[in-house]
Enquirer: 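Below is one structure. I have some questions about it.
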Amino acid sequence: MIPPVASQFVAGEEPATAFEHTRRANEDGVAVILNLLGEHYHERPPADADTAAYEQLVADLGETELDGCVSVKPSQLGLDVGPDVFRENYRRVVAAGDEHDVFVWCDMEDATTTDTTLDAFEELAHEFDGGVGLCVQANLRRTRADLERLVDVPGKIRLVKGAYDEGEEISYTEKAEVDEAYRENLTYLFKNRDEGIGVGSHDPEMIAYAQELQERHGGEFEVQMLMGVREDAQRRLAAEGHEVWQYAPYGAKWLSYFYRRVRERKENLTFAARAVLGV
Ligand code: FAD
C-alpha cells in the first residue's frame, strides 16, 4: 500500500489504479504517459517480465477510451544485460503499441546509454512509422548534434533538461548553461519540425519560450510534466487549449522513485504533505 505522501507522485501499484488515475486526469483535459516503475536489471528474467507487462498494459490500454500512452526505460528492458536484449524487448513493446494503436515513448538514461538508445529508437521509428518518441537531454553537449540526426526521423522528441549528473567534459553543469542549451535546442526543433515536439519541463520560462517559438515559427508542441508536480499548471495549460501530457509512474517499485523526487526538490515533500494534510 502506497502511503498518501508518495501517492501524489505514483499512480498506485497496479495497472487498474494507473488507469483510474488516467481517467481522472483525462477529465481535466490532461493525457497520461504511463511508466511501469523498474530499472537497471542485470539479469534477463526481470527485463523480460517487465517487457511482457508492458505488452499487456499496451493491449489493455488500447481496449479503453483513455487518452494515454506508455514510456519505457532502456535499462528496464535489459540494456544492462546487453544491447541485444534491450533492442529485442524494446521492439516487442513497440510492436504491441503498433498493434493496439498506443504510442510508446523511451526515456533517456545516463550518457553511457545514449548511443545504443538513439540507434534503437531510430530503427524502430522508421520501421513503425513514427509510433515512437525519444527523450533527449539538454544538459548533454552532444544533444544538438543528436537533434540534427533525429530531426527528420518520424515520431516525437521530448526535450528535458536532464536528470543525470554527468562530467563537465560531456555536459553543462551550471543551471544557467543548461537553461541556455534547452532554449537553443528548443529553437532548433521549432525551426526544423512542424510537429512531434515535447516540452518536458515544469519550468514556466521554458513553456513560455515554447509558446513564443510557436508564434514565431508555427508548429505543434505538447507540454509534458510529472505527476504530482505543478498539477495546477497542467490543468490550466490544458484548459487554455494546450496539449498536456502527465508522466505517471506506477508499480510496486515506487519507493526509490519517490525518494528521487524528494531529493531532486525538497519542496516536493512539503507540497505532497500539504496536499495530503489539506493545509
Ligand atoms: P527545473 O530547472 O528543475 O526547475 C525550473 C523551474 O520549474 C523552477 O524554478 C520552478 O519554477 C519550476 N518547478 C520545477 N519543479 C517544480 C516543483 N516540484 N514544484 C513547483 N515548481 C517547480 N530526465 C532524464 O534525464 N531522462 C528522461 O527520460 C526524463 N523524462 C522526463 C519526462 C518528463 C515528462 C519530465 C517532466 C521530466 C523528465 N526528466 C527526464 C527529468 C528532467 O530531465 C528534469 O530533471 C526535471 O524535469 C527538472 O527540470 P525542469 O525542466 O522541470 O526544471
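Counting starts at 1 for both ligands and their atoms, following the listed order.
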Enquirer: Just heavy atoms, cut-off under 4.0 Å: does D107 contact ligand 1 by side chain, backbone, both, or neither?
Expert: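 Near ligand 1, D107 shows its backbone as well as its side chain.
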Enquirer: Heavy-atom contacts with L226 under 4.0 Å: which atoms of ligand 1 show up? List them by number with element.
Expert: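 Checking each atom against L226, I get 33 (C), 35 (C), 36 (C).
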Enquirer: Which is closest to atom 13 (N) of ligand 1 by heavy-atom distance: M206, H202, K73?
Expert: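 Considering heavy atoms of M206, H202, K73, the nearest to atom 13 (N) of ligand 1 sits in H202.
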Enquirer: Does the ring center of W245 lie less than 6.0 Å from the ring center of Y247?
Expert: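 Between Y247 and W245, which both carry aromatic rings, the centre distance is not below 6.0 Å.
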Enquirer: Return a table of donor-acceptor pairs under 3.5 angstrom between the side chains of residues 123-136 and protein atoms on other chains or two or more places apart.
Expert:
unit_1: E123; atom_1: OE2; unit_2: R91; atom_2: NH2; d: 3.0
unit_1: E127; atom_1: OE1; unit_2: R91; atom_2: NH1; d: 2.6
unit_1: E127; atom_1: OE1; unit_2: R91; atom_2: NH2; d: 3.1
unit_1: E127; atom_1: OE2; unit_2: R91; atom_2: NH1; d: 2.6

Enquirer: Should one rank A138, C135, A248, A111 by closest heavy-atom distance to atom 29 (C) of ligand 1, which comes out on top?
Expert: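 Nearest heavy atom to atom 29 (C) of ligand 1 lies in C135.
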Enquirer: Among side-chain atoms of Q246 and Q234, is any donor-acceptor pair under 3.5 angstrom?
Expert: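 Indeed, the side chains of Q246 and Q234 share at least one donor-acceptor pair under 3.5 Å.
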Enquirer: Holding to side chain to side chain contact (heavy atoms under 4.5 Å, CB included), I want the full list of residues that pass it with A233, two or more places apart in sequence or in another chain.
Expert: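 If we apply the side chain to side chain contact (heavy atoms under 4.5 Å, CB included) test to A233, skipping adjacent residues, the hits are M225, R230, R236.
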Enquirer: In terms of heavy-atom contacts, does CG of D67 have more than 12 from other residues, nucleotides or ligands at under 6.0 Å?
Expert: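 Yes, the 6.0 Å shell around CG holds more than 12 heavy atoms from other groups.
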Enquirer: Would you say K175 contacts ligand 1, with heavy atoms under 4.0 Å as the rule?
Expert: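 Flag set, K175 near ligand 1.
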Enquirer: Could an N or O of ligand 1 be found under 3.5 Å from any N or O of Q137, whether backbone or side chain?
Expert: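 Yes, at least one N or O pair falls under 3.5 Å.
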Enquirer: Provide the closest heavy-atom pair for L37 versus D50 in the form atom of the first, atom of the second, distance.
Expert: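 Distance-wise, the nearest heavy atoms are O-OD2, 4.2 Å.
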Enquirer: Pick one of side chain, backbone, both or neither for how R158 approaches ligand 1, counting any non-hydrogen atom pair under 4.0 Å.
Expert: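 Side chain only.
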Enquirer: Taking atom 38 (C) of ligand 1 as the point of reference, which of D232, V160, I33 owns the nearest heavy atom?
Expert: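 The option holding the nearest heavy atom is V160.
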Enquirer: Quick one: which ligand 1 atoms are inside 4.0 Å of a heavy atom on Y247?
Expert: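 Listed by number with element, the hits are 34 (C).
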Enquirer: Select the closest option to atom 1 (P) of ligand 1 among K161, E222, E205, judged by heavy-atom distance.
Expert: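 Among K161, E222, E205, the closest heavy atom to atom 1 (P) of ligand 1 comes from K161.
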Enquirer: Provide the number and element of each atom of ligand 1 under 4.0 Å from a heavy atom of Y164.
Expert: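 Within the 4.0 Å cut-off of Y164, ligand 1 contributes 25 (O).
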Enquirer: For D203, take its heavy atoms, then give the atoms of ligand 1 lying under 4.0 Å from any of them.
Expert: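 Listed by number with element, the hits are 5 (C), 6 (C), 7 (O).
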Enquirer: Do the rings of F9 and F258 sit parallel, tilted or perpendicular, given the 30° and 60° boundaries?
Expert: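 Answer is tilted, since the angle falls between 30° and 60°.
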Enquirer: Is it true that K161 and D203 make a salt bridge, defined as a side-chain N closer than 4.0 Å to a carboxylate O?
Expert: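 Salt bridge present between K161 and D203.
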Enquirer: Select the closest option to atom 51 (O) of ligand 1 among S201, G162, G200, judged by heavy-atom distance.
Expert: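 Answer by nearest heavy atom: S201.
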Enquirer: Does atom CG of D194 have more than 12 heavy-atom neighbours from other groups under 6.0 Å away?
Expert: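 Incorrect, the count does not exceed 12.
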